[in-house]
Colleague: 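Below you'll find the structure I mean.
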Amino acid sequence: MTNGTTDTTSTTRTVAAYAAQHPDAPLAKTTVTRRAVGEHDIVIDIKFSGICHSDIHQVGEDWGTGIFPMVPGHEIAGVVSEVGPGVTRWKAGDRVGVGCFVDSCRECDNCRAGLQQYCTGEDGLVFTYNGTGRDGLPTYGGYSSELVIDEAYALSIPDSLPLDAAAPLLCAGITLYSPLAHWGAGPGKKVAIVGLGGLGHMGVKFAHAMGAEVTVLSQSLRKREDGLKLGADHYRATSDPATFSELAGSFDLIVNTVSADLDLSAYLGLLRTDGTLVQVGMPEKPVTVHPYPMALGRRSLSGSMIGGLPETQEMLDFCGEHGITSEIELIRADEINEAYRRVLAGDVRFRFVIDASTI
Ligand SMILES: [Zn+2]
Ligand SMILES: [Zn+2]
């Protein structure tokens, strides 16, 4: 039965969680097992967990076969409650965040360069949920009361940021910060953010704080007041053909957060010479792009996925300095299914965050 040890840190723990038992099933209260605390593991008392649109895609198996039961959640903010004997970076009481991955190979060129999100190792990136850990067991995400994770994959949340509104920074935040930082959004640069949802609203805040001139390109002017309040200098409707003729050749960088099928050739035409259109929203099907607008002006079409550990920490520190958090609607765990329906209907300002004390 036992190895004769009574050390509680060597035993697994059963924790409360909200899970889907099979694809498209409503999420319901359950329990899952967290691994025993290893030498370099920390236990996080989860305080808040954001709802990302990709949670809904994965529960619905839109992106491939899922691992069930599935406990979604990769925008996690909490407090360290316990540390393994070899942990050096954290102590009980530290405020920490966990994003989209909880481990990686640590040896490939990308991992060594701090670009863990692009890990090319054999086992590759270990996703926070709907993944398989290096111990061979399924991973369970943040819609839960506690998480056991290697200390190297947790990030420090600055004291100045409230944990609830900081949670979405771990996915929505870094997803926008990384391309804006990589392609040099800053003073003298004109940046467009396509879509003003959970991702887009973070893009507006970051690009504005970095000093760029920010334009929101949205289907309609419905959220114009919100966009300007968040820091946009301009707000234009993409349903108006004049937007594409008047803004032709004007942006250094466009970040597209929309996963709907857009006419990317038309958006490429909005770039200046050497400008870049970056995809962070992922359409379900391949898109068709004409190379002509790229050739005419040496424009680029690229993509970007979340960020590595060093850049995610840099983003959190930037948020601490600039007072940036997500705009959130805080919900109880028993409201998750309703929140999913509202996300699908585009009815959220701008991110749902679950109060984990209600799980
Ligand atoms: Zn996400
Ligand atoms: Zn790697």
Side-chain angles (χ1 to χ4, degrees), residues 20 27 46 48-64 66 70-77 97-134 139-144 147 150 152-153 155 165-179 195 197-203 206 255-259 279-284 303-312 315-316 325-328 336 339-340 343-344 348 350-354:
L27 275 75
I46 298 175
F48 300 99
S49 191
I51 293 180
C52 177
H53 204 143
S54 68
D55 297 346
I56 302 171
H57 283 301
Q58 294 188 71
V59 167
E61 291 195 322
D62 298 335
W63 294 342
M70 188 186 296
V71 178
H74 59 205
E75 295 184 335
I76 302 166
V98 178
C100 298
F101 55 92
V102 290
D103 211 336
S104 63
C105 87
R106 309 177 190 216
E107 287 165 0
C108 71
D109 289 347
N110 286 337
C111 279
R112 287 178 190 276
L115 296 168
Q116 292 86 359
Q117 77 273 34
Y118 304 130
C119 175
T120 56
E122 206 172 312
D123 298 330
L125 205 58
V126 177
F127 289 105
T128 303
Y129 70 89
N130 195 23
T132 304
R134 299 175 100 190
T139 54
Y140 299 114
Y143 300 5
S144 173
L147 177 64
D150 187 293
Y153 290 76
L155 297 142
L169 298 175
L170 277 303
C171 172
I174 187 61
T175 296
L176 272 291
Y177 180 90
S178 183
L199 295 175
H201 94 288
M202 291 309 310
F206 283 132
V255 183
N256 179 17
T257 71
V258 172
S259 52
Q279 289 286 127
V280 295
M282 289 297 132
E284 278 179 34
S304 179
M305 188 182 84
I306 49 175
L309 294 168
E311 192 176 48
T312 305
M315 178 272 306
L316 288 167
T325 52
S326 175
E327 303 297 310
I328 63 163
I336 292 172
Y340 274 23
V343 169
L344 291 172
V348 51
F350 281 85
R351 204 70 157 173
F352 286 115
V353 171
I354 303 160

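Side-chain atoms are counted along with the backbone in the values below, which use heavy atoms only and exclude waters and symmetry mates. Atoms within a ligand are numbered from 1 in the order they appear, just like the ligands themselves.
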Colleague: So, do Ile174 and Glu311 sit near enough that their side-chain heavy atoms are less than 4.5 Å apart?
Modeller: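 Yes, side chains in contact.
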
Colleague: So, are Asp150 and Arg106 salt-bridged, with charged N and O less than 4.0 Å apart?
Modeller: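 Yes, charged N to carboxylate O under 4.0 Å.
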
Colleague: Counting backbone and side-chain atoms alike, does His53 have an N/O/S atom under 2.8 Å from the Zn ion (ligand 1)?
Modeller: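 No - counting backbone and side chain alike, His53 has no N, O or S atom under 2.8 Å.
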
Colleague: Angle at the Zn ion (ligand 2), SG of Cys105 to SG of Cys111, rounded to 10 degrees, please.
Modeller: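 Answer comes to 120°, rounded to 10°.
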
Colleague: Using atom types as modelled and distance alone, determine if a side-chain donor or acceptor of Ser304 lies under 3.5 Å from a backbone N or O of Val280.
Modeller: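 Not a single qualifying donor-acceptor pair exists.
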
Colleague: Rounded to 10°, how big is the angle at the Zn ion (ligand 1) from Cys52 SG to His74 NE2?
Modeller: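 For SG of Cys52 and NE2 of His74, the angle centred on the Zn ion (ligand 1) reads 110°.
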
Colleague: Apply side chain to side chain contact (heavy atoms under 4.5 Å, CB included) to the pair Asn130 and Phe127, showing each step before the final yes or no.
Modeller: CA-CA 7 Å; Asn130 195 23; Phe127 289 105; 6.0 Å; no

